[in-house]
Amino acid sequence: MQYWLMKSEPDEVSIDDVMAAPARTVPWFGVRNYQARNFMRDGMRVGDGVLFYHSSCPQPGVAGLAEVASAAYPDASQYQAGGKYFDPKATPEQPRWVSVDVRGRRKTRLLPLAEMRQVAALEDMLLLKKGSRLSITPVTRAQWDAIVALLQA
DNA sequence: GCCAACGTTGGC
DNA sequence: GCCAACGTTGGC
């Protein structure tokens, strides 16, 4: 069992959107960073815990809890010519990008990034490292537990 | 809107 | 294989 933090712009897909989706499940498409892709492809297992993070918005922070709901599979958006996520070098025979399905568990209070920065137990989170921009990062069990506790506080 | 940090691209 | 230029991310 692993834990992850996944960033989403709420204007694109918010925690409310996930909870309202059929089976509370959405495909995580559009990742175009190799490190993040490799986490999905090689690291994620069904049932892994996911911190659902809202980024690029007025109140960035953790907005809900979710879980990995599928193994990695080719991201269909890479083939859509003219689309935002089109990759001309990707083919169905040689896909370059993958998605996983993410199922919402529950919407939580918004745990702001600024609050997370003040918690000693979270100081090693990759999210909080200077210059960190990865949209998917691994989270330790201890960090997960600390965040779940903060969400209930 | 600004800008620091990072990843990718492409000429050489 | 180097590295400058460019594009993107994302907090503020």
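Here the structure is a predicted model, which is why all the values come from computation and not from measurement.
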Is it true that a side-chain atom of A:R24 and a backbone atom of A:G104 form a donor plus acceptor pair closer than 3.5 Å?
yes
Where the side chain of A:T108 meets the backbone of A:A63, is there a donor-acceptor pair that is under 3.5 Å apart?
yes
Does A:P95 have any side-chain contact (heavy atoms from CB on, under 4.5 Å) partners at least two apart in sequence or in another chain, and if so, which?
A:P74, A:Q78, A:Y79
B/S/- along nucleotides 6-12 of chain C (protein heavy atoms under 4.0 Å) is -BBBBSS
Salt-bridge criterion met for A:R109 and A:E115 (N-O under 4.0 Å)
yes
Parallel, tilted or perpendicular, as decided by the 30° and 60° cut-offs, for the rings of A:F52 and A:W28:
perpendicular
